J.: 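Just passing along the structure, written as structure tokens.
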Amino acid sequence: MSYTMKVLEKVIKQNPNEPEFHQAVTETLTSLQPFVDANPEYEKAGILERLCEPERAIIFRVPWVDDSGKVQVNKGYRVQFNSAIGPYKGGLRFHPSVCLSIIKFLGFEQVLKNSLTGLPIGGGKGGSDFDPKGKSEREIMAFCQSFMTELYRHIGEDTDVPAGDIGVCDREIGFLYGQYKRIINAYTSVLTGKGLSYGGSFTRTEATGYGLVYLTSELLRQHGNSIENKTVVVSGSGNVAIFAAEKVKQLGGKVVALSDSNGFVYDSEGIDLCAVKEIKIKRRGRISEYVNYRKNAVYTEGRGIWNIKCDIALPCATQNELNGDDAKELVKNGCIAVCEGANMPSTSEAIKVFHQNKVLFVPGKAANAGGVAVSALEMSQNAMRTSWPFEKVDQKLKEIMINIYNNIANVAREVGQEDNFVVGANIAGFKKVADAMLRQGVV
Ligand code: NDP
Ligand code: 2IT
């Protein structure tokens with residue numbers, strides 16, 4: 001059995017009950033296999049075993065008091081996965097489904113994603129099974145303050161710099177930052193995604209969605225095509241989905257659907273983003289309310305967004321939201337490209353279907369790297385005690401996404417797998433991290 005497959009077997013055996021982590025490691029190691037086998041120094045140095053084992057995983061109790069005066073307890077996590085190329089960097093997710101398996105899969109993906117940005121950031125991820133939905137502002141603040149009261153001792157601007165993810169946006173980052181600053185009595189760049197009035201970067205809010213579409217646009221351009229006049233389906237209706245939809249519209253495409261965990265809306269004339277922003281950002285409402293704004297729109301409860309005919313699909317909600325049957329439906333309807341705004345939204349069966357049918361498919365670790373890239377630019381601006389204008393950060397984001405595309409496309413071509421961006425992203429991301437690990441000795 002090859003070194004890669006031996007490590008994969010061991011990871012699965014030693015980490016039982018972690019299906020999402022197994023899925024992420026399986027996808028990555030399978031596509032790295034020929035490359036790793038051709039370079040025996042990785043085996044000698046135990047690089048894959050080290051890559052798959054987090055440097056540190058912290059699990060802690062988060063007690064807080066709800067509005068009725070009752071004490072609630074949630075689990076808190078921070079998995080510091082790999083610091084070979086920079087301080088741990090990655091988001092915090094607050095969602096009831098959060099568990100060690102999900103945080104580990106996200107942390108593992110983040111290591112390779114952050115490497116692809118070309119910026120000096122290692123990989124980590126954290127979060128809690130706390131559900132911000134339906135909570136009052138005071139409850140959210142109480143939870144965030146308690147979460148940070150434990151987390152602060154494990155993070156720092158040169159150690160670990162968290163940011164947002166599902167359920168964590170500028171509101172939560174503000175409460176977390178306020179508590180950190182109060183505890184350590186210093187104004188540092190310990191979190192990114194901060195508000196503009198206290199050290200945030202222009203374009204960070206838009207970065208993941210915009211970056212996804214910059215990369216998609218470059219992918220299409222290099223295949224003699226463009227986003228102009230294309231019909232696009234975007235899943236989710238959170239931070240990533242809204243700004244992906246906004247950029248598609250700016251580039252002349254038409255977004256006809258958005259979703260949330262309850263259902264999806266279809267608007268044949270193109271989604272009205274002002275309405276969506278009012279519902280989702282201003283009022284924290286449900287996507288079903290969209291039909292109150294547009295008479296021709298149709299809301300459908302439950303799954304089914306991938307049955308809508310489109311040229312381009314941008315899954316921007318959550319892991320495993322697009323399965324093999326969904327992929328077949330997209331292919332049947334003529335979809336030419338799928339780029340992942342979410343982390344691991346396509347199941348392995350779905351990816352197989354895309355590859356078999358020559359659908360251009362770019363995995364999340366490359367396609368959604370714009371968010372963390374602008375986070376790293378936020379760290380740079382904070383370190384320089386400066387703030388760059390929107391246009392400057394946006395331009396840098398665009399360049400980073402085009403570089404990522406060229407890098408993963410070139411690597412795929414070099415290993416004889418043209419247009420296999422899964423292989424390209426995994427090898428390109430891995431090479432830099434593995435090289436840094438080799439040079440830093442057995443640590
Ligand atoms: P948000 O919390 O802003 O939005 C999440 C969206 O996904 C909501 O519409 C939500 O619906 C939907 N969703 C969440 N969980 C589920 C579920 N289990 N089933 C169906 N729908 C679900 O998060 P983001 O937009 O920030 O994140 C979306 C994805 O993008 C995630 O995979 C995240 O890891 C990834 N990502 C985010 C980055 C960022 O900078 N924010 C950077 C790179 C990747 P509902 O409201 O019903 O829960
Ligand atoms: O998945 C991700 O890349 C993020 N949630 C963003 C991480 C960050 O540090 O900005």
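Counting convention: from 1, in listed order, for ligands and their atoms alike. Remember, predicted model here, so these are calculated numbers, not experimental data. We're numbering straight along the sequence, starting at 1.
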J.: Side chain, backbone, both or neither: which part of E109 comes within less than 4.0 Å of ligand 1 when only heavy atoms are counted?
T.: neither
J.: Check each atom of ligand 1 against the heavy atoms of C316 and keep those under 4.0 Å away; list them by number with element.
T.: 28 (C), 29 (C)
J.: Give the atom numbers and elements of ligand 1 that come within less than 4.0 Å of a heavy atom of H95.
T.: 15 (N)
J.: With a 4.0 Å cut-off on N to O distance, would you call D326 and R303 a salt bridge?
T.: yes
J.: Answer yes or no: does atom NZ of K75 have more than 12 heavy-atom neighbours from other residues, nucleotides or ligands under 6.0 Å?
T.: no
J.: Is the shortest distance from a Lys or Arg side-chain nitrogen in K332 or E329 to a carboxylate oxygen in the other one below 4.0 Å?
T.: yes
J.: Using a strict cut-off of 4.0 Å, indicate which atoms of ligand 2 neighbour a heavy atom of G90.
T.: 7 (C), 9 (O)
J.: Determine whether the side chain, the backbone, both or neither of R93 has a heavy atom under 4.0 Å from any heavy atom of ligand 2.
T.: neither
J.: Please determine if K396 forms a cation-pi arrangement with W388, meaning its NZ or CZ atom is less than 6.0 Å from the six-membered ring centre and no more than 45° off the ring axis.
T.: yes
J.: Could you list which atoms of ligand 1 come closer than 4.0 Å to a heavy atom of A342?
T.: 29 (C), 30 (O), 32 (O), 35 (C)
J.: Taking the basic N atoms (NZ, or NE/NH1/NH2) and the acidic carboxylate oxygens, is any pair closer than 4.0 Å for E109 and K365?
T.: yes
J.: In terms of side-chain geometry, is the basic nitrogen of K254 or E269 positioned less than 4.0 Å from the acidic oxygen of its partner?
T.: no
J.: In the protein, what heavy atom is nearest to atom 10 (O) of ligand 2, and what distance, to one decimal place, separates them?
T.: S375 OG, 2.5 Å
J.: Give the atom numbers and elements of ligand 1 that come within less than 4.0 Å of a heavy atom of S237.
T.: 9 (O)
J.: Which ligand 2 atoms, with their elements, are less than 4.0 angstrom from a heavy-atom of A163?
T.: 8 (C), 9 (O), 10 (O)
J.: For atom 23 (O) of ligand 1, find the nearest protein heavy atom and state the residue, atom name and distance (0.1 Å precision).
T.: I166 CA, 3.4 Å
J.: With a cut-off of 4.0 Å, which atoms of ligand 2 are near a heavy atom of K125?
T.: 1 (O), 2 (C), 4 (C), 5 (N)
J.: List every atom of ligand 2 that sits less than 4.0 Å from any heavy atom of K89, numbering the atoms from 1 in the order shown and giving each element.
T.: 8 (C), 9 (O)
J.: Are F147 and F94 near enough that their ring centres are under 6.0 Å apart?
T.: yes
J.: Which protein heavy atom lies closest to atom 6 (C) of ligand 2, and at what distance to 0.1 Å?
T.: R204 NH2, 3.6 Å
J.: Minimum distance, heavy atoms only, to atom 2 (O) of ligand 1: which one of G90, G167, G164 is it?
T.: G167
J.: Is it true that Y405 and Y214 have ring centroids separated by less than 6.0 Å?
T.: no
J.: Considering only heavy atoms of K113, which atoms of ligand 2 have at least one such atom less than 4.0 Å away?
T.: 1 (O), 2 (C), 3 (O)
J.: Taking the six-membered ring for Trp and the full ring for Phe, Tyr or His, determine whether the centres of F21 and F105 are under 6.0 Å apart.
T.: no
J.: Any idea which protein heavy atom is nearest atom 46 (O) of ligand 1, and the distance to it?
T.: R286 NH1, 3.2 Å
J.: Could you say whether the N/O atoms of G164 and ligand 2 ever approach to under 3.5 Å?
T.: yes
J.: For the side chain to side chain contact (heavy atoms under 4.5 Å, CB included) test, which of Y299, Y266, F264, W306 pairs with S259?
T.: F264
J.: Go through ligand 1 atom by atom and flag the ones less than 4.0 Å from a non-hydrogen atom of S261.
T.: 11 (O), 19 (N), 20 (C), 21 (N), 22 (C), 45 (P), 47 (O), 48 (O)
J.: Among G370, A373, A163, G238, which residue places a heavy atom closest to atom 6 (C) of ligand 1?
T.: G238
J.: Identify which of N343, D165, V240 has a heavy atom lying nearest to atom 5 (N) of ligand 2.
T.: D165
J.: Judged on heavy-atom distance to atom 41 (N) of ligand 1, which of D131, N239, N262, L212 sits nearest?
T.: N239
J.: Check each atom of ligand 1 against the heavy atoms of G341 and keep those under 4.0 Å away; list them by number with element.
T.: 30 (O), 35 (C), 36 (N), 44 (C)
J.: Looking only at protein heavy atoms, which one is nearest to atom 29 (C) of ligand 1, and what is the separation?
T.: A317 O, 3.2 Å
J.: Assess, by modelled atom type and distance only, whether the side chains of Y293 and D272 contain a donor and an acceptor separated by less than 3.5 Å.
T.: no
J.: Is there a heavy atom in E109 that sits closer than 4.0 Å to ligand 2?
T.: no
J.: Show the atoms of ligand 2 that are less than 4.0 angstrom away from any heavy atom in G91.
T.: 7 (C)
J.: In terms of atom number and element, which parts of ligand 1 are under 4.0 angstrom from non-hydrogen atoms of G236?
T.: 9 (O)
J.: If I apply the N/O under 3.5 Å rule, does K125 come out as touching ligand 1?
T.: no
J.: Taking heavy atoms and a distance under 4.0 Å, where does K133 meet ligand 1: side chain, backbone, both or neither?
T.: side chain
J.: Of Q222, H223, H355, which meets side-chain hydrogen bond (donor to acceptor under 3.5 Å, both in side chains) against D419?
T.: H223
J.: Of all the non-hydrogen atoms in the protein, which one sits nearest to atom 17 (C) of ligand 1, and at what distance?
T.: T318 CG2, 3.4 Å
J.: At under 4.0 Å between heavy atoms, which part of S235 makes contact with ligand 1: side chain, backbone, both or neither?
T.: neither
J.: Are the aromatic ring centres of Y177 and Y198 under 6.0 angstrom apart?
T.: yes
J.: Identify which one of R78, K125, R153, K89 satisfies the salt bridge (Lys or Arg N to Asp or Glu O under 4.0 Å) criterion when paired with D160.
T.: R78
J.: Evaluate whether atom CG of D67 has more than 12 neighbouring non-hydrogen atoms of other residues, nucleotides or ligands under 6.0 angstrom away.
T.: yes
J.: For atom 38 (C) of ligand 1, which candidate among T208, V374, I305 provides the closest heavy atom?
T.: T208
J.: Within a 6.0 Å radius of atom CZ on R283, are there more than 12 heavy atoms belonging to other residues, nucleotides or ligands?
T.: yes
J.: For ligand 1, which atoms, with element, lie under 4.0 Å from some heavy atom of N368?
T.: 43 (C), 44 (C)
